[in-house]
Every structure is written in C-alpha cells, then in structure tokens.
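See structure below.
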Amino acid sequence: MIVRHLKDILNTERDVRTTTWASRRLLLRGDRMGFSMHETTIYAGTQTHIWYQHHAEAVYCVAGSGEVELIPSGQVFRIEPGTLYALNLNDRHWLRADPGADLRLVCTFNPALVGDEVHDADGVYPAAPAEA
Ligand code: 9YT
C-alpha cells in the first residue's frame, strides 16, 4: 500500500511549479496505479492555456473558484468547490482562477504523468516515454 501526505511532497521533485500553478504529484507512473493524481493550485487571478493531446485529465475542485473557456467555441464553464470537469476530448481551453483566492484542484491523468511535465508553448504535455 502507498500512503503519502502532501507535506511530504512540498519542495521535493514531486512539487512542480510554473508562473501560474503548482502541482503536487501524489501519484506518478512509477507508482504503477495506471493514472497519476495531483493536488494542483492555480494561482489567483491567472489564466493558463492547456491542450492535453496525449492525456485524459479529470479535475475536481475543492476550494476557490474560476472558469474553463473552451477554444475555439468560447463556451465557459464555472468552477467552484464540488465541480468536476473531465477533458475526455483532448479539449483545448483556458483555465482561469478568479482573483482573490487560489483555485485548488485534485487532478488525475491517464496515462499517468512521469513526474516533471510542464506545458509546452501550445499547452501540451509530451507523450509518455515507453515504459522501461
Ligand atoms: C487543471 C490543470 O490541468 N492544471 C495544470 C496543472 C496540471 N493539473 C498538473 O500537472 O497537475
């Protein structure tokens, strides 16, 4: 069994940060669960362009508020505690956190992230390398 606490991950290589978010990677491919699970903080008042072309992601909001805007349709979905959204169609989107409070999310990826992924210029995470 695997048991971890967020405090054991903060400021380690599993704590991946960019200018708009911090992703604490509680489960990764190496844990061999078939998915990865992260606690992600989207900084208040920021927006991030995301387009996962090689992964499905499900996102559950536990605190804060914000929105997802689909590209190119412009359709907007509000996010608040209790909201789940699932990017089952490799949906390209903007993810925004409202000003005033960070948006806190639990995120799962299939296939699992390897560990150090950050978005490229198109908002994409690279495809996972072949398993060793
Ligand atoms: C919701 C989302 O995709 N945010 C960007 C970070 C990502 N969730 C991650 O790597 O944990």
Side-chain angles (χ1 to χ4, degrees):
M1 192 167 89
I2 300 167
V3 179
R4 295 197 176 108
H5 192 283
L6 180 63
K7 67 179 181 328
D8 302 324
I9 287 170
L10 296 176
N11 301 308
T12 71
E13 62 190 10
R14 286 174 176 260
D15 183 353
V16 178
R17 301 178 191 203
T18 73
T19 55
T20 58
W21 52 260
S23 173
R24 281 69 190 240
R25 294 176 171 169
L26 291 150
L27 287 173
L28 287 168
R29 188 173 76 172
D31 296 311
R32 300 198 173 277
M33 292 291 292
F35 58 88
S36 59
M37 179 175 286
H38 322 157
E39 195 205 78
T40 301
T41 297
I42 310 293
Y43 301 135
T46 66
Q47 67 172 6
T48 306
H49 174 238
I50 296 173
W51 193 7
Y52 296 125
Q53 298 179 26
H54 311 293
H55 301 83
E57 185 196 27
V59 179
Y60 182 70
C61 177
V62 293
S65 60
E67 66 181 28
V68 169
E69 178 184 331
L70 292 179
I71 303 169
S73 73
Q75 188 174 10
V76 172
F77 299 90
R78 289 293 301 164
I79 304 168
E80 61 182 20
T83 304
L84 169 93
Y85 67 90
L87 303 168
N88 59 330
L89 300 174
N90 302 117
D91 311 83
R92 186 180 174 194
H93 61 285
W94 288 102
L95 174 60
R96 301 189 179 99
D98 291 340
D102 291 344
L103 181 59
R104 293 189 56 201
L105 308 168
V106 176
C107 307
T108 56
F109 279 80
N110 178 15
L113 296 198
V114 172
D116 58 357
E117 289 92 340
V118 292
H119 301 126
D120 71 11
D122 291 322
V124 181
Y125 283 169
E131 297 256 18

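Remember, it's 1-based here, ligands and their atoms both numbered in the order they're listed. The structure displayed is predicted, hence computed values, not measured ones.
- Of the residues Arg25, Lys7, Arg24, the one that meets the salt bridge (Lys or Arg N to Asp or Glu O under 4.0 Å) test with Asp15 is Arg24.
- Counting only heavy atoms of the protein, atom 3 (O) of ligand 1 lies nearest to Tyr52 OH, 2.7 Å.
- Tracing side-chain contacts under 4.5 Å through hydrophobic residues (I, L, V, M, F, W, Y), one never reaches Val114 starting from Val124; they form parts of separate clusters.
- Atom 11 (O) of ligand 1 has Ser23 OG, 2.6 Å as its closest protein atom, hydrogens excluded (heavy atom only).
- Looking at His119 against ligand 1, only its side chain comes within 4.0 Å, counting heavy atoms.
- Among all protein heavy atoms, the one lying closest to atom 6 (C) of ligand 1 is Tyr125 OH, 3.6 Å.
- Here atom 2 (C) of ligand 1 lies nearest to Glu57 when heavy atoms of His93, Glu39, Glu57 are compared.
- When heavy-atom distances to ligand 1 are checked against a 4.0 Å cut-off, Leu95 comes that close only through its side chain, counted from C-beta outward.
- Heavy-atom minimum distance, Leu28 versus Ser36: CA-CB, 4.1 Å.
- Which parts of ligand 1 touch Tyr85 is read off a 4.0 Å heavy-atom cut-off, strictly below it: atoms 1 (C).
- Two residues are said to be in side-chain contact when any heavy atoms from C-beta on lie closer than 4.5 Å; Leu113 and His55 meet this criterion.
- Defined by atom type and a distance below 3.5 Å, a donor-acceptor pair is present between the side-chain atoms of Asp98 and Ser65.
- Heavy-atom proximity to His38, at under 4.0 Å, picks out these atoms of ligand 1: 9 (C), 10 (O), 11 (O).
- Using a 30° and 60° split on the angle between ring planes, Tyr52 and Phe109 fall in the perpendicular class, above 60°.
- When atom types are taken as modelled, the side chain of Arg96 and the backbone of Val68 share no donor-acceptor pair closer than 3.5 angstrom.
- The shortest N or O to N or O distance between Trp21 and ligand 1 is not under 3.5 Å.
- Contact between Trp51 and Asp91 at its shortest, heavy atoms only, is CD1-C, 4.2 Å.
- Between Arg25 and ligand 1, at least one N/O pair is under 3.5 Å apart.
- Residue-level proximity to ligand 1 for Ile50 is carried by the side chain, the only part with a heavy atom below 4.0 angstrom.
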